[in-house]
Amino acid sequence: MRKKNEDKYKQFSNELLDWYDVSRRDLPWRAAPGASSNPYFVLLSEIMLQQTVVTTVIPYFIRFINKWPKIIDLAQADFNEVSSLWAGLGYYRRAKNLHETAKILVKQHNGIIPNDEDVLLTFPGIGEYTAAAISAIAYDTKSNVVDGNIERIFSRLYKIEEPLELSKQKIRTLSKKYLPCKRNGDYAQALMDLGSSVCIPKAPRCQICPIISTCKLGGTPNAAMYPKRLPKKNKKQRYGVFYLLMDDEGSILFSTNKNEGIFANMDVLPSIGWNEENKKLESSPKIISKELALFNLNWEILEKKINHIFSHFKLNCTLVFFRIKKSTLNNLIIDKKYRFVKKTELNKLAKPSLIKKILDVFEEEIVK
DNA sequence: GAACCGTGGCA
DNA sequence: TTGCCAAGGTT
């Protein structure tokens, strides 16, 4: 019986690797067939790919390796520049963790990325999946790489009825049995390519699947129903007010967030609210905040509204544009954390997509 | 375990 | 339009 199972596992990986040799995606961090990969490229791409699709990552990855071709370049970079190149990619703590990891690697590991999963796990921003993926893809170790794609594939292979949130450990145990003795990095990437182009979440393309013969759901209309999931919680609606303050030289008031919370370390516009109850703030845009108080002045005000959706809440944004004269700045109470940024310096900031969106809304006013 | 942490594409 | 989801990690 054991012999029979081993044959099954071997056939599975062989068929998958044969498919990979023909169907593999050509990605900028991927080594040519037969060539050894660049561990720095693997690490950088794996961090960027956390919860982020390949097509989104590619241009960011290219910009990063053009600016910092080696890990030592990244380690020595000014974090503000790292943050700025990361802007728009989301999950901004990743940028800080990446930079910290690069610095540790250069300082304590001679700039060499370890192949040991346990060592990789000690770096900030590298968890179980990423450690296994770097080890397998960069050094071809026999690591049990389990990402969302692989969870979906094994959920379907075994027609797992439990919600994915509850079956992760079972899937790890199953997937470990299938690991081949050779080409482990290719094998992991083959599963991921399969998950992204064939065993896709909706409408899986079972007709062209190289491993349909081992799949309990293969070719059945039910395949799309797996993996099953726990019911999603509704995103709460929050309300916030954002202020675009421009002086008569065209400079705009910004602050840089601390290394915490949403938009960690990013450059943002002054805002208040972000609460579920603050809907009433919409009607009093002139009172900004304790740190930034505006009273009894004749402002040129333009008000707009946009919506923005985050991973765990929705934000209804009231946007308020003020044009102020420098001579009246003395009447403002402005916390020291704020600073005016010249129009020509805007492109150097690390602006989250929401902040870019707000600047776009007032583009005509900014150009004036 | 559950909440927090972004964004864009797609149906 | 809305909800879903994607190469997860940290607290």
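Chain letters run A, B, ... following the sequence lines, proteins first and then strands; every chain starts at 1.
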Self-check item: Annotated protein contacts, base or backbone, on nucleotides 4-11 of chain C with a non-hydrogen cut-off under 4.0 Å, one of B, S, - each
Solution: -SBBBSS-
Exercise. Evaluate the criterion side chain to side chain contact (heavy atoms under 4.5 Å, CB included) for residue pair A/L16 and A/L191; output intermediate values, then yes/no.
Key: CA-CA 8 Å; A/L16 194 64; A/L191 279 173; 3.4 Å; yes
Quiz item: Rounded to the nearest Å, what distance is computed from the NZ atom of residue A/K314 to the C1' atom of nucleotide B/dC5?
Solution: 18 Å
Practice problem: Flag the pair A/H308 / A/F242 as yes when their ring centroid distance falls below 6.0 Å, and as no otherwise. | Solution: no
Practice problem: Enumerate the residue pairs fulfilling salt bridge (charged side-chain N to carboxylate O under 4.0 Å, His left out) with a member in residues 206-217 of chain A, sequence neighbours excluded, ordered by first and then second residue. | Solution: none
Quiz item: How long is the gap from OG on A/S135 to CG on A/N144, to the nearest 0.5 Å?
Solution: 11.5 Å
Self-check item: Distance below 4.0 Å between A/S353 side-chain N/O and B/dT7 OP1 or OP2
Solution: yes
Quiz item: Can A/Y91 be reached from A/V268 by stepping across I, L, V, M, F, W or Y side chains whose heavy atoms are under 4.5 Å apart?
Solution: no
Side-chain polar contacts of residues 43-54 of chain A - donor-acceptor pairs under 3.5 angstrom, sequence neighbours left out - could you list them?
from: A/S45; atom 1: OG; to: A/F41; atom 2: O; distance (Å): 3.0
from: A/S45; atom 1: OG; to: A/V42; atom 2: O; distance (Å): 2.9
from: A/E46; atom 1: OE1; to: A/Y129; atom 2: OH; distance (Å): 2.7
from: A/Q50; atom 1: NE2; to: A/G125; atom 2: O; distance (Å): 3.1
from: A/Q50; atom 1: NE2; to: A/T130; atom 2: OG1; distance (Å): 3.0
from: A/T52; atom 1: OG1; to: A/M48; atom 2: O; distance (Å): 3.3
from: A/T52; atom 1: OG1; to: A/Q50; atom 2: O; distance (Å): 2.8
from: A/T52; atom 1: OG1; to: A/R94; atom 2: NH1; distance (Å): 3.2
from: A/T52; atom 1: OG1; to: A/R94; atom 2: NH2; distance (Å): 3.4

Practice problem: Could you give me the CA-CA distance, side-chain angles and deciding distance for A/F310 and A/H312, then say whether ring-ring contact (aromatic ring centres under 6.0 Å, His included) is met? | Solution: CA-CA 6 Å; A/F310 293 101; A/H312 54 298; 7.5 Å; no
Self-check item: A/Y40/A/W29 aromatic ring centres below 6.0 Å
Solution: no
Self-check item: Sorted by number, the residues of residues 81-88 of chain A with heavy-atom contact under 4.0 Å to DNA chain C
Solution: none
Quiz item: With ILVMFWY side chains joined below 4.5 Å, transitively, what does A/M225's cluster contain besides itself?
Solution: A/L217, A/Y226
Quiz item: How close or far is atom C1' of B/dG8 from atom NZ of A/K356, stated in whole angstroms?
Solution: 12 Å
Exercise. Mind calculating the distance between CG (A/N257) and P (B/dC5) to the nearest angstrom?
Key: 11 Å
Exercise. Measure from NZ or CZ of A/R63 to the centre of the six-membered ring of A/Y60 and say whether it is under 6.0 Å with the direction within 45° of the ring axis.
Key: yes
Quiz item: Rounded to whole angstroms, how far apart are CZ on A/F313 and C1' on B/dC5?
Solution: 9 Å
Quiz item: Which whole-number value in Å describes the distance from A/L315 CG to B/dG6 P?
Solution: 13 Å
Quiz item: How far does the C1' atom of B/dG8 sit from the matching atom of C/dT1, given to the nearest Å?
Solution: 16 Å
Quiz prompt | P spacing across the pair B/dC5 / C/dT2, given as an integer number of angstrom | solution = 23 Å
Self-check item: Residue-level proximity of residues 158-166 of chain A to DNA chain C when a heavy atom falls under 4.0 Å
Solution: none
Quiz prompt | Integer-rounded Å distance: B/dC5 P and A/Y92 OH | solution = 13 Å
Quiz item: Tell me: CG of A/N307 to P of B/dG6, nearest whole Å?
Solution: 19 Å
Quiz item: Can you check the A/H308 NE2 to B/dG8 C1' distance for me, whole Å?
Solution: 10 Å
Exercise. For the pair A/Y178 and A/F154, name the ring-plane relationship: parallel under 30°, tilted 30 to 60°, perpendicular over 60°.
Key: perpendicular
Practice problem: Would you mind telling me which residue lines up with the more 5' stretch of DNA chain B, A/T56 or A/L230, judged by nearest nucleotide? | Solution: A/L230
Quiz item: Is it true that A/K348 and A/E345 have a side-chain N and a carboxylate O under 4.0 angstrom from each other?
Solution: yes
Quiz prompt | side-chain N/O A/H312 vs B/dA3 OP1/OP2, d < 4.0 Å | solution = no
